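Since the structure is predicted, the reported quantities are computational estimates derived from the model, not experimental observations.
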Amino acid sequence: QVQLVESGGGLVQTGGSLRLSCAARGSLFSIVSMGWYRQAPGKQREMVAVITRGITNYADSVKGRFTISRDNAEDTLYLQMNSLKPEDTAVYYCYRNGQARSWGSWDDYWGPGTQVTVST
């Protein structure tokens, strides 16, 4: 019932900034959680920043550098990334958990990902 599409990834130098966007095609009846995850080659996918029931949480490694925000009117999620480091290099995925219908199951929804590469 919803498709998530990330944009804004690219190649930047250490210390640079990027702003990721996640646009939703279609909508969910109810959303309990939304956020950003990332996965580097050979490593497990990890949480970067999530908003769950109005409460925002960041990974310790990005606190003070990344900011998650949303535009409810446009149904768009953002991740502002500043002071980027080589260890931030990964594929970044948009995430939502919710119901397509009030009687439906609570499911995870993922975007296809966008590559972020931070060079030294």
Side-chain angles (χ1 to χ4, degrees):
Q1 288 285 77
V2 65
Q3 296 182 76
L4 306 178
V5 181
E6 304 94 339
S7 63
L11 174 64
V12 297
Q13 293 184 326
T14 297
S17 298
L18 284 173
R19 188 193 190 207
L20 305 183
S21 298
C22 175
R25 297 182 62 184
S27 63
L28 295 173
F29 173 79
S30 181
I31 300 172
V32 67
S33 182
M34 61 180 69
W36 295 91
Y37 288 71
R38 67 186 182 187
Q39 186 170 24
K43 302 186 68 176
Q44 295 183 3
R45 186 173 298 188
E46 65 175 346
M47 182 273 289
V48 177
V50 296
I51 304 172
T52 303
R53 297 188 178 92
I55 301 174
T56 303
N57 289 285
Y58 294 95
D60 288 340
S61 60
V62 308
K63 286 182 178 178
R65 300 188 298 119
F66 291 10
T67 303
I68 187 172
S69 62
R70 61 182 177 181
D71 186 324
N72 291 329
E74 299 181 11
D75 197 15
T76 304
L77 189 69
Y78 302 97
L79 184 68
Q80 179 66 47
M81 305 186 295
N82 298 325
S83 302
L84 285 163
K85 306 174 181 179
E87 51 262 44
D88 295 318
T89 296
V91 176
Y92 284 70
Y93 297 92
C94 182
Y95 164 83
R96 291 189 183 186
N97 181 274
Q99 295 176 297
R101 300 179 177 89
S102 62
W103 59 88
S105 61
W106 292 83
D107 299 318
D108 293 333
Y109 298 86
W110 296 93
T114 184
Q115 177 70 49
V116 172
T117 302
V118 185
S119 63
T120 58

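In terms of modelled atom types and a separation under 3.5 Å, the side chain of Gln99 and the main chain of Trp103 share no donor-acceptor contact. A donor-acceptor contact shorter than 3.5 Å is absent between the side chain of Thr114 and the backbone of Ser7. The backbone N or O of Val32 lies less than 3.5 Å from no partner atom in the side chain of Trp106, so there is not a single donor-acceptor pair.
Between the OH atom in Tyr37 and the CZ atom in Arg45 there is a gap of 9.5 Å [rounded to 0.5 Å]. Distance OG1/Thr117 to CD/Gln13: 13.0 Å, rounded to 0.5 Å. Between atom CZ of residue Phe66 and atom OG of residue Ser83 there is a gap of 9.0 Å, rounded to the nearest 0.5 Å. Note that CD1 of Ile31 is 13.0 Å distant from CZ of Arg53, once rounded to the nearest 0.5 Å. Between the SG atom in Cys22 and the CD atom in Glu6 there is a gap of 5.5 Å [rounded to 0.5 Å]. With values rounded to the nearest 0.5 angstrom, Ile51 atom CD1 is found 8.5 Å from Ser33 atom OG.
The stretch residues 86-97 participates, sequence neighbours left out, in these side chain to side chain donor-acceptor pair (under 3.5 Å) pairs: Arg38-Asp88, Arg38-Tyr92, Arg65-Asp88, Asp75-Arg96, Tyr95-Asp108, Asn97-Asp108.
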- [ ] Take Ser17 and Asn82, measure what side chain to side chain donor-acceptor pair (under 3.5 Å) needs, and give me the verdict at the end.
- [x] CA-CA 4 Å; Ser17 298; Asn82 298 325; 2.9 Å; yes

Open item on the list: side chain to side chain contact (heavy atoms under 4.5 Å, CB included), that's the test. Do Gln39 and Glu46 meet it? Break it down for me.
Closed with: CA-CA 6 Å; Gln39 186 170 24; Glu46 65 175 346; over 6 Å; no

Task: Stepwise side chain to side chain contact (heavy atoms under 4.5 Å, CB included) check, Leu18 with Leu84 - done: CA-CA 8 Å; Leu18 284 173; Leu84 285 163; 4.2 Å; yes

TODO: May I have the step-by-step check of side chain to side chain contact (heavy atoms under 4.5 Å, CB included) for Asp71 and Tyr78, ending in yes or no?
DONE: CA-CA 8 Å; Asp71 186 324; Tyr78 302 97; 4.0 Å; yes

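A continuous path of ILVMFWY side-chain contacts below 4.5 Å connects Val12 to Leu20, so both sit in one hydrophobic cluster. When hydrophobic clusters are built by joining Ile, Leu, Val, Met, Phe, Trp and Tyr residues whose side-chain heavy atoms come closer than 4.5 Å, directly or via intermediates, Val62 is not grouped with Val91. Hydrophobic clustering (side-chain heavy atoms under 4.5 Å, transitive across Ile, Leu, Val, Met, Phe, Trp, Tyr) keeps Met81 apart from Val50.
Nearest heavy-atom pair, Phe29 versus Ser102, reported as atom, atom and distance to 0.1 Å: CE2-CB, 3.3 Å. In terms of heavy atoms, Tyr109 sits closest to Gly98 at CE1-O, 3.9 Å. Gly9 and Val116 make their closest contact through CA-CG2, 4.2 Å (heavy atoms, listed as atom of the first residue, atom of the second, distance). Among all heavy-atom pairs drawn from Thr67 and Tyr58, the shortest one is CA-OH, 3.4 Å.
Contact annotation: the side chain of Ile68 approaches that of Leu77 to within less than 4.5 Å [non-hydrogen atoms, C-beta and beyond]. At least one side-chain heavy atom of Pro86 sits less than 4.5 Å from a side-chain heavy atom of Thr14.
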